[in-house]
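Since the structure is predicted, the reported quantities are computational estimates derived from the model, not experimental observations.
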Amino acid sequence: LPQRLASLAASAQEETWQSRQQLQAQRQEMARLQEELGRARQDGERWASALQRAQREALEREATRGAEQARQQELIRDMKGRLLELLREKDALWQKTEGIDSPVPSSVPRDPGLCARCHKDFRLLSRRYSCRWDGGERGLAPARCGEGSALTSCSLCRLCQGKVCHTCSVDMGKHGRCCLICYQQRHPQAT
């Protein structure tokens with residue numbers, strides 16, 4: 001019996017020692033986990049503040065970009081307005097210096113892809129000629145308005161056919177080609 005009691009006491013002491021060892025290990029594990037939890041909380045707070053800072057910077061950049069776009073659009077609008085003013089001034093000055101009348105609307109709409117006389121389609125290999133009826137010093141130029149001539153440059157501009165094909169144009173030598181109407185108006189004996 002005393003031997004049995006001694007063995008029971010020894011086994012109880014052994015179990016107590018093992019329990020203390022396990023408790024010590026669990027306490028150490030708990031301390032380690034609490035330390036990791038603290039670091040994770042600090043990381044979470046740091047990431048949350050970084051995210052808030054990034055969002056704030058993105059909103060500021062977006063606001064700056066929107067203001068810059070609005071400023072650029074206003075600048076473009078101002079530049080277009082100024083360009084239109086300059087073009088109007090240029091046209092007014094050009095008309096003053098050249099004595100050009102305002103264009104008279106044509107009764108026949110002109111298609112730039114067709115011959116103005118025979119309505120032939122200009123293709124890749126077909127030639128188109130702009131009427132170059134301008135004789136200059138050789139006396140081939142039309143009389144100016146008010147010079148007493150029945151045929152004036154103003155009336156001729158209204159009759160001129162513009163772009164014509166090879167068949168509907170007349171060769172004027174070094175002066176180029178002109179449309180048949182301009183040539184016939186200047187040379188009535190040719191008709």
Side-chain angles (χ1 to χ4, degrees), residues 1-116 118-132 157 160-166 176:
L1 183 69
Q3 259 183 346
R4 190 159 182 220
L5 283 174
S7 71
L8 282 175
S11 68
Q13 281 180 349
E14 183 70 27
E15 286 178 11
T16 303
W17 183 78
Q18 285 178 356
S19 294
R20 282 184 185 160
Q21 290 292 330
Q22 287 177 351
L23 184 62
Q24 182 84 12
Q26 286 177 351
R27 283 181 182 163
Q28 288 176 351
E29 181 70 18
M30 189 172 72
R32 187 181 62 79
L33 289 174
Q34 283 179 341
E35 188 178 321
E36 287 181 6
L37 179 62
R39 282 197 302 264
R41 281 183 181 157
Q42 288 176 352
D43 288 345
E45 289 171 0
R46 190 170 59 244
W47 285 111
S49 66
L51 178 63
Q52 287 176 352
R53 187 173 57 247
Q55 287 175 340
R56 189 171 50 250
E57 289 173 357
L59 287 174
E60 289 172 0
R61 276 195 310 269
E62 188 65 32
T64 304
R65 186 178 15 222
E68 182 67 20
Q69 276 184 335
R71 189 182 67 76
Q72 287 178 354
Q73 287 176 349
E74 184 177 343
L75 180 64
I76 289 170
R77 189 171 45 250
D78 291 344
M79 289 174 72
K80 285 181 178 178
R82 181 64 182 143
L83 179 64
L84 287 174
E85 289 175 16
L86 289 172
L87 286 173
R88 287 188 193 114
E89 289 176 16
K90 179 201 65 100
D91 288 343
L93 289 172
W94 187 62
Q95 286 180 358
K96 281 182 187 176
T97 57
E98 295 295 323
I100 295 176
D101 296 334
S102 58
V104 177
S106 173
S107 59
V108 180
R110 294 185 179 173
D111 184 356
L114 300 176
C115 172
C118 68
H119 304 293
K120 177 182 169 186
D121 190 12
F122 292 124
R123 304 200 184 231
L124 185 62
L125 298 176
S126 61
R127 294 287 308 258
R128 75 183 78 181
Y129 298 93
S130 293
C131 181
R132 304 216 183 266
C157 290
C160 181
Q161 293 175 325
K163 293 196 182 295
V164 291
C165 66
H166 185 78

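For Gln22, there are no side-chain contact (heavy atoms from CB on, under 4.5 Å) partners two or more places apart in sequence or in a different chain. Qualifying side chain to side chain donor-acceptor pair (under 3.5 Å) partners for Gln73, counting only residues two or more places apart in sequence or in other chains: none. With sequence neighbours excluded, the residues satisfying side-chain contact (heavy atoms from CB on, under 4.5 Å) with Leu86 are Arg82, Glu89. With sequence neighbours left out, Trp17 forms a side-chain contact (heavy atoms from CB on, under 4.5 Å) with Glu14, Gln21. Shown here are the salt bridge (Lys or Arg N to Asp or Glu O under 4.0 Å) partners of Arg39, two or more places apart in sequence or in another chain: Glu35. Taking Arg71 as the reference, Glu68 meet the side chain to side chain donor-acceptor pair (under 3.5 Å) condition, with sequence neighbours excluded. The salt bridge (Lys or Arg N to Asp or Glu O under 4.0 Å) check on Arg46 picks up Asp43, with sequence neighbours excluded.
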Using residues 27-34 as the side-chain source, report each donor-acceptor pair under 3.5 Å to any protein atom, sequence neighbours left out, with the distance given to one decimal.
from	atom 1	to	atom 2	distance (Å)
Glu29	OE1	Arg32	NH2	3.2
Glu29	OE2	Arg32	NH2	2.3
Arg32	NH1	Glu36	OE2	2.7

Donor-acceptor pairs under 3.5 Å, side chain of residues 51-66 to any protein atom, not counting sequence neighbours: which ones?
from	atom 1	to	atom 2	distance (Å)
Glu62	OE1	Arg65	NH2	3.0
Thr64	OG1	Glu60	O	2.8

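Remark: Lys96 NZ to Asp91 CG distance equals 12.5 Å, nearest 0.5 Å. We find the CD-CG distance between Glu85 and Leu87 to be 10.5 Å, quoted to the nearest 0.5 Å.
Within 6.0 Å of CD in Gln72 there are more than 12 heavy atoms belonging to other residues, nucleotides or ligands.
Listed by first and then second residue, the salt bridge (charged side-chain N to carboxylate O under 4.0 Å, His left out) pairs involving residues 15-25 amount to none (not counting sequence neighbours).
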